[in-house]
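Before we start, here is the structure in question, set down as structure tokens.
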Amino acid sequence: MESSKAANWKHSFLYLGFLYSLLCFLHNQISHNLLIGHRPVRVKKTSPDLPLRFRSDGTFKILQVADMHYGNGALTRCRDVLDSEFEHCSDLNTSRFLKRMIEAEKPDFIAFTGDNIFGSSSVDAAESLLRAFGPAIESGLPWAAILGNHDQESTMNREELMSFISLMDYSVSQINPSAEDLSNLARGSRKKIDGFGNYDLRVYGAPGSHLANSSILNLFFLDSGDRETVQGVRTYGWIKESQLDWLHGISQGYQDKPLALAFFHIPIPEVRQLWYKKIVGQFQEAVACSSVNSGVLQTLVSMRDVKAVFMGHDHNNDFCGDLENIWFCYGGGFGYHGYGKAGWQRRARVILAVLGKGEKGWTGVERIKTWKRLDDDKLSKIDEQLLWEN
């Protein structure tokens, strides 16, 4: 009898052990399959250089990257390059150029101004975005992006693209204005903002200065859209009234209004007037803007804080020109899968803001400069100019 009881206990113990092992196995398998991509969920990495602020030497440097037009990496061929360059040229040339620019200029912040990927050439939008922004992510620098008119032509719509970009490592991009920004607008202002990628980034004073906790430079990002139809005719997108209401409201909401720079992709119609004015750089193709003039220039002039606007879209234009005391500057075509001109090097723009110095140390922004670098052997620096000086 006792041996029979012992055998039953032994069988029960083994059975319970088997059930426990089975439950552990099922738990591990189910939890493994619930993980995104069968990998552990990872928290977004943020840059240690946040919030954005001027360096201790009183400078803040921005690298503008316009029109990367990234496709599928090594499989994507270059456009409009010399015959001697074509065989070994791909999206990897774009990545290499971005890495060189980051190493050479050591910017504090990178601004991508649209057509980051060439949607019609991209098999998977998420994969193309990861590759396109890869060098920026590897640098650990804070960066932000807006959309052009080609980004959404792959596997994501514009809202999905901005959501994905905002979640990428070291990105400070936003899908649209923060709840705080919207709540701070004047009573009666619109709260529904057109587009995706309208946001305000604040740059604070130098560490240790009396302005260390004050925003002294604003970076406004705006979604200029893609394509629209007006009275049966197809045209490029434009910045809408709701966006301008938001922008004006944000600007007026500052008690001590800081200087500002604006970034968007598609140029405004008034940029065509610069053909007849003195410019710095090359005006080599017609301005491809919307047929609708929504009053962007008038809004910026009335705000009185925006000193320069940086745009893309027309790859063969890389000039800066003055409209109503606001400089409008093209970044110049950056990416090798975007159209260009054979023998005319891809290029990037650099923007440098410099603080003044007073009795208490560093003060507000004293001047803003810009120049471009070419993707040649020496990363040649060209067209350096002063955009604004106090």
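Note that the structure is a prediction, hence the values are computed from the model and not measured.
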key: Distance, nearest 0.5 Å, that separates CG of D115 from CZ of F334   = 14.0 Å
message = Pair K278, D322 - check salt bridge (charged side-chain N to carboxylate O under 4.0 Å, His left out), show working.
response = CA-CA 8 Å; K278 184 179 179 181; D322 186 346; over 6 Å; no
message = Just checking F54 against Y204, ring centres under 6.0 Å apart?
response =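 Aromatic pair excluded; centres sit 6.0 Å or further apart.
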inquiry  = Whether R131 engages the ring of Y70 as a cation-pi pair (distance to the six-membered ring centre under 6.0 angstrom, angle to the ring normal within 45°) should be assessed.
reply    = no
ILVMFWY network linking L75 to F118, side-chain heavy atoms under 4.5 angstrom = no
message = Around atom NZ of K44, are there more than 12 heavy atoms from other residues, nucleotides or ligands closer than 6.0 Å?
response = yes
Spatial distance of atom CE (M162) from atom CE (M156) [nearest 0.5 Å] =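 M162 atom CE to M156 atom CE measures 12.0 Å (nearest 0.5 Å).
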key: CG on L247 to CG on N218, rounded to 0.5 Å   = 9.5 Å
inquiry  = Quiz question: by atom type and distance under 3.5 Å, do the side chains of S121 and H337 form a donor-acceptor pair?
reply    = yes
key: Residues L222, V296; criterion side-chain contact (heavy atoms from CB on, under 4.5 Å); working and verdict   = CA-CA 11 Å; L222 293 162; V296 174; 5.8 Å; no
ask   = Are E366 and W388 close enough that a side-chain donor and a side-chain acceptor fall under 3.5 Å?
value =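 On atom types as modelled, these side chains do not qualify, holding no pair under 3.5 Å.
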query = For atom CG of N213, is the number of surrounding heavy atoms from other residues, nucleotides or ligands below 6.0 Å larger than 12?
reply =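 It does not: N213 CG has 12 such atoms or fewer within range.
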query = Should we say atom CZ of R304 is surrounded by more than 12 heavy atoms from elsewhere, each under 6.0 Å from it?
reply = no
task = Start with the C-alpha distance between V203 and I216, add both sets of side-chain angles, then the distance that settles side-chain contact (heavy atoms from CB on, under 4.5 Å), and finish with yes or no.
result = CA-CA 6 Å; V203 186; I216 57 176; 5.7 Å; no
message = I need the single residue from H315, R79, E285 that forms a side chain to side chain donor-acceptor pair (under 3.5 Å) with Y339. Which is it?
response = E285
inquiry  = Measuring from atom CZ of R77 to atom CG of D91, what distance do you get when rounded to the nearest 0.5 angstrom?
reply    = 10.0 Å
query = Counting N and O atoms only, with roles assigned by atom type, does the side chain of N93 sit under 3.5 Å from a partner on the main chain of S90, one being a donor and the other an acceptor?
reply =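 Judged by distance alone, yes, a pair lies under 3.5 Å.
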inquiry  = Which residue in the set R346, K372, R373 passes salt bridge (charged side-chain N to carboxylate O under 4.0 Å, His left out) when paired with D318?
reply    =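 Per the salt bridge (charged side-chain N to carboxylate O under 4.0 Å, His left out) rule, the option paired with D318 is K372, out of R346, K372, R373.
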Ring centers of F319, Y330 separated by less than 6.0 Å =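 Yes, the ring centres sit under 6.0 Å apart.
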query = Distance only, no hydrogens: is a donor on one side chain within 3.5 Å (strictly under) of an acceptor on the other, for Y254 and R202?
reply = yes
query = Taking all non-hydrogen atoms of both residues, which atom of F109 and which atom of A144 are closest, and how far apart?
reply =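 Minimum heavy-atom contact is CZ-CB, 3.6 Å.
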request  = Answer with yes or no after comparing the ring centroid distance for F112 and W143 against a 6.0 Å cut-off, counting only values under it.
outcome  =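 Between W143 and F112, which both carry aromatic rings, the centre distance is below 6.0 Å.
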ask   = With hydrophobic residues grouped by side-chain heavy-atom distances under 4.5 Å, do I137 and I62 end up in a single group?
value = yes
request  = Would you check, one step at a time, whether the test salt bridge (charged side-chain N to carboxylate O under 4.0 Å, His left out) holds for D151 with R158?
outcome  = CA-CA 8 Å; D151 294 279; R158 295 179 76 80; 5.6 Å; no
query = Are any side-chain N or O atoms of S173 and backbone N or O atoms of A145, one a donor and one an acceptor, separated by less than 3.5 Å?
reply =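 Such a contact is found between S173 side chain and A145 backbone.
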Verdict with reasoning, E270 to N293, per side chain to side chain donor-acceptor pair (under 3.5 Å) = CA-CA 9 Å; E270 288 90 343; N293 190 326; 3.0 Å; yes
task = Say whether E85 and Y336, considering side chains only, have a donor N or O and an acceptor N or O under 3.5 Å apart.
result =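 No donor-acceptor contact under 3.5 Å links the two side chains.
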message = side-chain contact (heavy atoms from CB on, under 4.5 Å) for W371 and D383? Distances and angles first, verdict last.
response = CA-CA 5 Å; W371 59 86; D383 294 338; over 6 Å; no
ask   = Are W238 and M311 in one and the same hydrophobic cluster, where Ile, Leu, Val, Met, Phe, Trp and Tyr link if side-chain heavy atoms are under 4.5 Å apart?
value =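 Shared cluster, no.
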inquiry  = Please determine whether salt bridge (charged side-chain N to carboxylate O under 4.0 Å, His left out) holds for the pair D375 and R100, giving the CA-CA distance in whole Å, both sets of side-chain angles, and the decisive distance to 0.1 Å.
reply    = CA-CA 9 Å; D375 190 19; R100 294 179 72 206; 2.8 Å; yes
query = For T155 and D124, does a side-chain donor sit closer than 3.5 Å to a side-chain acceptor?
reply =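 Looking only at side-chain atoms, D124 and T155 do not form any donor-acceptor pair under 3.5 Å.
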task = Mind running side-chain contact (heavy atoms from CB on, under 4.5 Å) on Q152 and E160 for me, showing each step along the way?
result = CA-CA 9 Å; Q152 77 290 336; E160 292 166 342; over 6 Å; no
inquiry  = Pairing donors with acceptors under 3.5 angstrom, does anything connect the side chains of N198 and N176?
reply    = yes
ask   = Cluster question for you: counting only ILVMFWY and a side-chain heavy-atom cut-off of under 4.5 Å, with indirect links fine, are L50 and Y170 together?
value = yes
ask   = Which word best sums up how the rings of Y199 and F221 line up, parallel for under 30°, tilted for 30 to 60°, or perpendicular for over 60°?
value =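 The arrangement is parallel - the two ring planes meet at less than 30°.
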key: Residue list, ring-ring contact (aromatic ring centres under 6.0 Å, His included) with H265, at least two apart or on another chain   = H313
ask   = Does a donor on one side chain and an acceptor on the other come within less than 3.5 Å for D200 and Q174?
value = no
ask   = Is it true that atom CG of D57 has more than 12 heavy atoms of other residues, nucleotides or ligands lying nearer than 6.0 Å?
value = yes
note = dist K61:NZ -> T370:OG1 (nearest 0.5 Å) comes out at 11.0 Å
Check: F264 main-chain N/O paired with S224 side-chain donor or acceptor under 3.5 Å = no
ask   = Looking just at side-chain N and O atoms, do T235 and E228 make a donor-acceptor pair shorter than 3.5 Å?
value = no
query = Is L300 reachable from I193 through a run of I, L, V, M, F, W or Y residues, each pair having side-chain heavy atoms under 4.5 Å apart?
reply = yes
query = Will you find, in the side chains of Q385 and K369, an N or O donor that is under 3.5 Å from an N or O acceptor?
reply =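 Short answer, no.
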key: CH2 on W327 to CD1 on I279, rounded to 0.5 Å   =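 Reported to 0.5 Å precision, the distance equals 9.5 Å.
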key: E384 and K381: CA distance, side-chain angles, deciding distance, salt bridge (charged side-chain N to carboxylate O under 4.0 Å, His left out) verdict   = CA-CA 8 Å; E384 185 170 3; K381 184 178 181 180; 3.6 Å; yes
